[in-house]
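Here is the naming used below: chain letters follow the sequence lines, and residue numbers restart at 1 for every chain.
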There are 2 protein chains.
Amino acid sequence: MASPSPSQPRVTLPAVASEIHTAVADLVARDGQRYTPVRRALVEELEDTDQPLTIPELLTRRPGMAQSSAYRNLSVLESAGVVTRIVVGADEHARYELSEDLTEHHHHHLICEQCGTVDDFTVPPEVEDLVDRALGRAARRNRFLVTSHRLDLVGICARCR
Amino acid sequence: MASPSPSQPRVTLPAVASEIHTAVADLVARDGQRYTPVRRALVEELEDTDQPLTIPELLTRRPGMAQSSAYRNLSVLESAGVVTRIVVGADEHARYELSEDLTEHHHHHLICEQCGTVDDFTVPPEVEDLVDRALGRAARRNRFLVTSHRLDLVGICARCR
DNA sequence: ATTTATGCAAATCGTTTGCAAACCT
DNA sequence: AGGTTTGCAAACGATTTGCATAAAT
């Protein structure tokens, strides 16, 4: 996922490797919480992958971690704005990824209905802008206060075809 | 049937009242299933509302219906392409609405994170086309076979503001 | 008569929570 | 010490399923 930056990382971006932990620590502190080892481990795992992960997947990668700790701390991280929870189906495991605020990478999801994995994709900024404006108008027309939007594709991924 | 209903329905809509049942019966039969009273009742309730409903909501409207029948038959109706299931959050009830093929009304959702209700909205056809093309390109680039897309807004609805 | 649908109650499964021990400051 | 986090096991809640009865073909 991470496109190799040609030279210097832009200083304005908060999201480069270990810098993420600083930003996360800040977000967590701002929420009156601590950045504990379990929370750090969760963030590290989410940082190391390019797809949103389920809790079972996270537990596989961190064999020592208790299931309840994963649930509890992902919930803390979510309300601190560190991670985003993605709900695909009612019966499947939810998935978590680092929030767009941290990664500075606005994207959407390719949801595979066969294997359940979720991949990221982006659309050109012009499309994104047009969609945003259209959604803004629709929201205004409905007196709806927008928190976020989701634009996902559901289908069969390359690996499952 | 032929006599005008007390409250005038809009004549321009392709899918009017009883016509839906014919179409549903067809879809259900095509799937090798029967159009039973419970299934008909579910379709009638979904026809009578403008928002996707949860199973508890449906059961309230049809006090005689068994919960398991609602779950089982909505699942049948879903795989016959009659209804669409909308999953909002992992812990909330899923919601059901008549499929767009039946209503001929392509739309998106305003999901209220406060009260959980879901309303429909539409965007102009030009936007819809542009989004479709952009999504098509993104899918092709990822060798992803698209089944459907979802473009929803999450936030606070007019009633909850 | 055979197949399919229904209703009830029990089972399933992702997720949450109570509680006691471990941790941090 | 005082408050928080952790791990375990039990609880929860939406959804599914086994089974016996009712309905449809």
Side-chain angles (χ1 to χ4, degrees), chain A residues 24-25 27-45 52-80 82-96 111 115-118, chain B residues 21 24-25 27-45 52-80 82-96 111 116-118:
Chain A
V24 171
L27 282 171
V28 170
R30 211 189 293 282
D31 208 47
Q33 303 278 357
R34 298 179 191 166
Y35 196 27
T36 69
V38 177
R39 290 166 195 174
R40 178 176 286 265
L42 289 167
V43 169
E44 277 169 11
E45 288 307 329
L53 299 180
T54 64
I55 281 176
E57 284 166 357
L58 285 164
L59 294 177
T60 303
R61 284 154 206 240
R62 292 282 167 153
M65 189 180 297
Q67 190 195 42
S68 63
S69 292
Y71 278 104
R72 243 187 301 227
N73 288 298
L74 284 169
S75 159
V76 169
L77 292 174
E78 189 192 10
S79 53
V82 175
V83 304
T84 304
R85 169 197 232 168
I86 303 166
V87 176
V88 179
D91 46 346
E92 302 158 55
H93 284 273
R95 288 176 180 271
Y96 294 85
I111 301 169
C115 66
T117 58
V118 177
Chain B
H21 289 292
V24 171
L27 282 172
V28 170
R30 212 189 294 283
D31 208 48
Q33 302 278 358
R34 298 178 192 165
Y35 196 28
T36 69
V38 176
R39 290 168 194 173
R40 178 175 286 264
L42 289 167
V43 169
E44 276 169 11
E45 288 308 329
L53 299 179
T54 63
I55 281 176
E57 284 165 358
L58 285 164
L59 293 177
T60 303
R61 284 154 206 241
R62 293 281 167 152
M65 190 180 297
Q67 190 195 43
S68 62
S69 292
Y71 277 105
R72 245 187 300 228
N73 288 298
L74 284 168
S75 159
V76 169
L77 292 173
E78 189 193 10
S79 52
V82 175
V83 304
T84 304
R85 169 197 233 167
I86 304 165
V87 176
V88 178
D91 46 345
E92 304 159 55
H93 284 274
R95 288 176 180 270
Y96 294 86
I111 300 170
T117 57
V118 176

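Regarding B:R40, its CZ atom lies at a distance of 15 Å from the P atom of C:dA5, rounded to whole Å. Atom-to-atom, CD of A:E92 to P of D:dT16 comes out at 12 Å; the value is rounded to the nearest Å. As a whole-Å value, the separation of A:R95 CZ from C:dT15 P is 11 Å. The CG-C1' distance, from A:L59 to C:dT15, rounds to 12 Å in whole Å. Atom C1' of nucleotide D:dA14 and atom OH of B:Y96 are separated by 10 Å, given to the nearest angstrom. When rounded to the nearest whole Å, the span between CD of B:E57 and C1' of D:dA14 equals 14 Å. Between A:I55 atom CD1 and C:dT15 atom C1' the separation is 8 Å, expressed in whole Å. Protein atom CZ of A:R34 is 12 Å distant from nucleotide atom C1' of D:dT6, rounded to whole Å.
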Can you list, pair by pair, the side-chain donor-acceptor contacts under 3.5 Å of residues 85-95 of chain A, counting residues two or more places apart and other chains?
residue	atom	partner	partner atom	Å
A:R85	NE	A:Y96	OH	3.4
A:R95	NE	A:G116	O	3.1
A:R95	NH1	A:P52	O	2.9
A:R95	NH1	A:E57	OE1	3.4
A:R95	NH2	A:G116	O	3.2

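Each of B:Q33 and B:D91 lies near DNA chain C, and the nucleotide nearest B:Q33 is the one positioned closer to the 5' end. Comparing B:R85 and A:G32 by the nucleotide of DNA chain D that holds the closest heavy atom to each, the one mapping nearer the 5' end is A:G32.
Note on residues 61-75 of chain B: pairs passing side chain to side chain donor-acceptor pair (under 3.5 Å), not counting sequence neighbours, are B:R39-B:N73, B:E44-B:R62, B:E45-B:R62.
Summarising the geometry of B:L42 relative to B:A70, their closest heavy-atom pair is CD1-O, 4.3 Å, with the distance given to 0.1 Å. For the residue pair A:L74 and A:V83, the shortest heavy atom distance occurs at O-CG2, 3.8 Å.
A distance of 11.5 Å separates CD1 of B:I55 from OG1 of B:T60, quoted to the nearest 0.5 Å.
For the side chain to side chain contact (heavy atoms under 4.5 Å, CB included) criterion with A:V43, the lone passing option out of A:L77, A:V28, A:V38 is A:L77.
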Atom pairs, N/O to N/O, protein against nucleotides 6-10 of chain C, distance under 3.5 Å?
residue	atom	partner	partner atom	Å
C:dT6	OP1	B:T36	OG1	3.0
C:dT6	OP2	B:N73	OD1	3.0
C:dT6	OP2	B:N73	ND2	2.9
C:dG7	OP2	B:S69	OG	2.6
C:dG7	N7	B:R72	NH2	3.2
C:dG7	O6	B:R72	NH2	2.8
C:dC8	N4	B:S68	OG	3.2
C:dC8	N4	B:R72	NH2	3.4

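Between B:Y71 and D:dT16 there is no side-chain polar atom (N or O) within less than 4.0 angstrom of OP1 or OP2.
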